[in-house]
Amino acid sequence: SPEEDDALRDYMQRHGNTGSWITLPNKAGEFARSLPLPCPAVPLIVLDGCLIVLVGLKRCGKSCRLRWLNYLRPDIRHGGFTDEEDTIIYSLYSQLGSKWSLIASQLERRTDNDVKNHWNTKLKKRL
DNA sequence: AATTTTTGCAACCGCATGACA
DNA sequence: TTGTCATGCGGTTGCAAAAAT
């Protein structure tokens with residue numbers, strides 16, 4: 001949800017991930033709780049006249065890691081692959097095969113997942 | 001306008017690797 | 001050495017949105 005993204009982004013931008021991904025959901029949850037209300041990272045619900053504050057990230061560390069690295073991380077670009085990038089991807093794929101992490105590392109601010117998706121949905125069928 | 005089909009892609013799964021005990 | 005645990009990686013999929021009918 002947008003609230004979960006806010007909590008994860010807020011925590012990562014202020015602290016970075018110093019410890020393990022496994023323990024991050026609890027830390028990010030506690031961090032969100034410590035912010036002054038109303039804070040967008042802390043979802044609020046009014047039920048039967050009572051204010052309910054949802055705390056913690058109800059996600060496993062693996063999901064948080066993937067969400068941050070492939071999507072929320074600010075220093076990455078999504079979509080809009082240029083012809084130059086396509087050329088590089090074709091070239092590297094012909095040399096390396098589906099080494100998406102390696103191929104992505106040769107492009108500017110691209111994730112392996114995005115390069116893989118771009119290949120599977122666009123480039124592959126042009127061959 | 002309503003319904004069906006296709007497409008795009010974020011997220012999931014299982015496995016490999018490496019660190020550490 | 002063997003076992004455990006966290007992370008990185010690539011194949012695959014669920015499903016919402018877009019396109020087609």
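In what follows, chains carry the letters A, B, and so on, assigned in the order in which the sequence lines appear, proteins first and then strands, with residues in each chain numbered from 1.
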Round to the nearest Å and state the distance from [X] atom [atom1] to [N] atom [atom2].
{"X": "A:Asp112", "N": "C:dG11", "atom1": "CG", "atom2": "P", "answer": "11 Å"}
{"X": "A:Asn120", "N": "B:dT6", "atom1": "CG", "atom2": "P", "answer": "19 Å"}
{"X": "A:Ile22", "N": "C:dG8", "atom1": "CD1", "atom2": "C1'", "answer": "13 Å"}
{"X": "A:Leu123", "N": "B:dT7", "atom1": "CG", "atom2": "P", "answer": "16 Å"}
{"X": "A:Trp119", "N": "B:dT7", "atom1": "CH2", "atom2": "C1'", "answer": "18 Å"}
{"X": "A:Leu24", "N": "C:dC5", "atom1": "CG", "atom2": "P", "answer": "20 Å"}

Around atom [atom1] of [X], are there more than 12 heavy atoms of other residues, nucleotides or ligands at under 6.0 Å?
{"X": "A:Glu108", "atom1": "CD", "answer": "no"}
{"X": "A:Lys99", "atom1": "NZ", "answer": "no"}
{"X": "A:Arg9", "atom1": "CZ", "answer": "yes"}

Query raised in the report: Taking 4.0 angstrom as the limit, do A:Asp112 and A:Lys116 come out as a salt bridge?
Result: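 No, this pair does not count.
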Requested in this report: Could you check which residues of residues 81-108 of chain A get a heavy atom under 4.0 Å from DNA chain C? Sort them by number, please.
Outcome: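 Of all residues in residues 81-108 of chain A, the ones placing a heavy atom under 4.0 Å from DNA chain C are A:Ser98, A:Lys99, A:Trp100, A:Ser101.
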Requested in this report: Could you label the plane-to-plane angle of the A:Trp119 and A:Tyr93 rings as parallel, tilted or perpendicular, counting under 30° as parallel and over 60° as perpendicular?
Outcome: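 Correct class here is parallel.
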Query raised in the report: Looking only at side chains, do A:Thr87 and A:Glu84 share a donor and an acceptor under 3.5 Å apart?
Result: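 Not at all, the side chains of A:Thr87 and A:Glu84 share no donor-acceptor pair under 3.5 Å.
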Query raised in the report: Would you call A:Asp86 and A:Lys122 a side-chain contact if the rule is heavy atoms closer than 4.5 Å?
Result: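 Not touching, per the 4.5 Å side-chain cut-off.
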Requested in this report: Would you give the length of the straight line joining atom CZ of A:Arg77 to atom CG of A:Leu107, rounded to the nearest 0.5 angstrom?
Outcome: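 A:Arg77 CZ to A:Leu107 CG: 8.0 Å, rounded to 0.5 Å.
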So which protein N/O to nucleotides 10-17 of chain B N/O distances come out below 3.5 Å?
residue : atom : partner  : partner atom : Å
B:dA10  : OP2  : A:Asp114 : OD1          : 3.3
B:dA10  : O3'  : A:Arg67  : NH1          : 3.2
B:dA10  : N7   : A:Asn117 : ND2          : 2.9
B:dA10  : N6   : A:Asn117 : OD1          : 3.2
B:dA11  : OP1  : A:Arg67  : NH1          : 2.5
B:dA11  : OP2  : A:Arg67  : NH1          : 2.6
B:dA11  : N7   : A:Asn113 : ND2          : 3.4
B:dA11  : N6   : A:Asn113 : OD1          : 3.2
B:dC12  : OP2  : A:Ser63  : OG           : 3.2
B:dG14  : O6   : A:Lys62  : NZ           : 2.7

